[in-house]
Protein chains: 2
Amino acid sequence: MRIGELAKRTGVSIRSLRYYELQGLLSSDREENGYRVYSELAVEQVNTIQFYIRLGLSTEEIAGFLHCVLIKKEAFCEQVLPVYRNKLEQLDRQIAQLEMIRANLKERIAHLQAEATEATTQ
Amino acid sequence: MRIGELAKRTGVSIRSLRYYELQGLLSSDREENGYRVYSELAVEQVNTIQFYIRLGLSTEEIAGFLHCVLIKKEAFCEQVLPVYRNKLEQLDRQIAQLEMIRANLKERIAHLQAEATEATTQ
DNA sequence: GTTGACCCTGACATCAATGGTATAGTTTAC
DNA sequence: GTAAACTATACCATTGATGTCAGGGTCAAC
């Protein structure tokens, strides 16, 4: 199939498919006219890429293990777990930071509301 | 004082001070030679800007109420509370999304570890 | 009169994935 | 044989605050 069909069947834009290729996540053969040609497997492959992207991984991180995952089961790809653990730590730090900001913000709001009430009751 | 001294006294880079000016957060007089000149008040003003930035607000959001906050108490600036509430909602959404990703990731990790144990005990 | 420490503006780079646009060649359907 | 639909590459834009560099003034001390 050509890129337009792959885009339709995966729900991923043509633009993104070409980007994945540039990032080494997806390969294609070419017709004589230069058009990209994909096998049926490409559909599953793009779905797999999307799965990892939704898991919060960057294309670069995915590139580190995608090839292995496509030919073996994920559990047999030793590259996967470190990436997962790394991302989890990163996520924990991000969430902690956002929660700290959130707490500060709530405190400010409560403070402002208290002052407003005070002004009203005076 | 000139920009270098303001930078030292606030811990904010010269680059950022000029950026704040561009965003309308900070103003300066100029010497005849074009050098920026700041009053003592600028130190506190920059600290105030930093305070809001650490609270997760963008320079654009800060610009919406900074002028008022600098001359009145925050509680008397009606522009502040909506920005806070808005940011809080946004933060809640962000955190919820990250936590969903985190949960998925933990599940994947647990799954992989279970498979690894299985393989060992076989 | 020169060195070094300041200051100025303007512009590009960063990070990441995606959208959009321009220009041009190819295929398909009528 | 032509119009519509598809594909190709190449490039710019987005987001936001900051770093960094280029090229050039200014000023003080020696």
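Letters A, B, ... are given to chains in the order of the sequence lines, protein chains preceding strands, and every chain is numbered from 1.
To the nearest angstrom, P of dA10(D) lies 12 Å from CD of E21(A). Atom-to-atom, CD of Q50(B) to P of dA17(D) comes out at 11 Å; the value is rounded to the nearest Å. A straight line from CD of Q90(A) to P of dC15(C) spans 14 Å, rounded to a whole angstrom. In this entry the distance linking CG of L17(A) with P of dA17(C) reads 14 Å, nearest Å. dC6(D) atom C1' lies 10 Å from atom CZ of R18(A), rounded to whole Å.
The listed nucleotides are dT28(C), dA17(C), dT9(D); the one nearest the side chain of R2(A) is dT28(C). Residue R36(A) has its side chain nearest to dT9(D) when only dC6(C), dG19(D), dT9(D) are considered. Each of dC7(C), dG19(D), dT7(D) was ranked by its minimum atom distance to the side chain of I3(B); first place goes to dC7(C).
For dT9(C), the OP1/OP2 oxygens have a side-chain nitrogen or oxygen of R30(B) closer than 4.0 Å. Listed pair T59(B) / dG16(D) fails the phosphate criterion, with no side-chain N or O lying under 4.0 Å from OP1 or OP2.
The aromatic rings of Y52(A) and Y84(A) are tilted relative to each other, their planes meeting at an angle between 30° and 60°.
There is a side-chain donor-acceptor pair under 3.5 Å between E115(B) and H111(B). Side-chain atoms of Q50(B) and T10(B) form no donor-acceptor pair, as typed in the model, at a separation below 3.5 Å.
Along DNA chain D, the nucleotide closest to Y35(B) and the one closest to I53(B) are compared, and the more 5′ of them pairs with I53(B). Between N33(A) and S16(A), the one whose closest nucleotide on DNA chain C sits nearer the 5' end is S16(A).
Side-chain atoms of F51(A) and R108(B), non-hydrogen and from C-beta on, do get closer than 4.5 Å to each other.
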